[in-house]
Amino acid sequence: MNYWLMKSEPDEFSIRDLAARPQQTEGWHGIRNYQARNFMRDEMKVGDRVFFYHSSCKVPAIVGVAEVASHVYPDSSAWDPESDYFDPKSSPDAPRWLQLDIRFVKEFAKPVTLTAIKSHPGLADMLLVQKGSRLSIQPVDDIHWKLIHQMAGESL
DNA sequence: GCCAACGTTGGC
DNA sequence: GCCAACGTTGGC
């Protein structure tokens, strides 16, 4: 099993929004970056665990855990002209963008803030804190997965 | 709102 | 295939 981190702006879609969805599951649409898409397509497996990260907000932080709940399938928002994620180069015949389903697992009582992550020596090589790392989906090392659970006071 | 660091686009 | 211009991300 692999571990991942997925970013979301809480003003757009927070971990509580995920928990409130039917089956606590949401199609993770809107990914428009090839590297992130390829992770979903090639490496993410049903059952993989995911850190849910709140970005572009007052206190950026890992706020909980979700899991991969489906394989990839076409992201239909790409061919919806009304959608913020519309991409004229994608079509039902030749889908350029993909999504998969993410299911809520738990919300941390104590989120692990970006500040805390940056100040912990054991997390210095985490992708999230590498300079210029803007990937909205990124792999997480086992060691970092465990350490962040410890910092959150959560069991694995 | 600023801006550094990227990714994408398109002319050549 | 190069690279300048442009758009986006995301912390601060």
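The structure displayed is predicted, hence computed values, not measured ones.
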Separation of [N] [atom2] from [X] [atom1] (nearest whole Å):
{"X": "A:Leu135", "N": "B:dC6", "atom1": "CG", "atom2": "P", "value": "11 Å"}
{"X": "A:Tyr85", "N": "C:dG7", "atom1": "OH", "atom2": "P", "value": "19 Å"}
{"X": "A:Asp87", "N": "B:dT9", "atom1": "CG", "atom2": "P", "value": "8 Å"}
{"X": "A:Ile62", "N": "C:dG10", "atom1": "CD1", "atom2": "C1'", "value": "15 Å"}
{"X": "A:Ile137", "N": "C:dG10", "atom1": "CD1", "atom2": "P", "value": "11 Å"}
{"X": "A:Leu5", "N": "C:dT9", "atom1": "CG", "atom2": "P", "value": "16 Å"}
{"X": "A:Gln130", "N": "B:dA5", "atom1": "CD", "atom2": "C1'", "value": "14 Å"}
{"X": "A:Arg37", "N": "B:dT8", "atom1": "CZ", "atom2": "C1'", "value": "14 Å"}

Ring geometry between A:Phe52 and A:Phe13 (parallel below 30°, tilted from 30 to 60°, perpendicular above 60°): tilted
Donor-acceptor side-chain pairing of A:Ser55 and A:Arg134 below 3.5 angstrom: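 No, A:Arg134 and A:Ser55 have no side-chain donor paired with an acceptor closer than 3.5 Å.
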Side-chain-base donor-acceptor pair under 3.5 Å for A:Arg134 and C:dT8: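 Answer yes: a donor N or O sits under 3.5 Å from an acceptor.
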CA sep, side-chain torsions, deciding dist, call: A:Arg32, A:Ser77, side chain to side chain donor-acceptor pair (under 3.5 Å): CA-CA 11 Å; A:Arg32 297 291 179 269; A:Ser77 69; 3.0 Å; yes
Minimum-distance nucleotide to A:Gln35 side chain [options: B:dT8, C:dG11, B:dG7]: B:dG7
Among B:dT9, C:dG11, C:dT9, the nucleotide that comes nearest once only the side chain of A:Tyr53 is considered: C:dG11
Interatomic spacing from CD in A:Gln99 to CD in A:Glu26 - rounded to 0.5 Å: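 Result: 8.0 Å between the selected atoms.
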Touch class at under 4.0 angstrom, heavy-atom based, for A:Lys89 against every strand present: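 Result for A:Lys89 = sugar-phosphate.
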Below 4.0 Å: OP1/OP2 of C:dG10 and any side-chain N or O of A:Lys7: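 True: A:Lys7 side-chain N/O within range (under 4.0 Å) of C:dG10 OP1/OP2.
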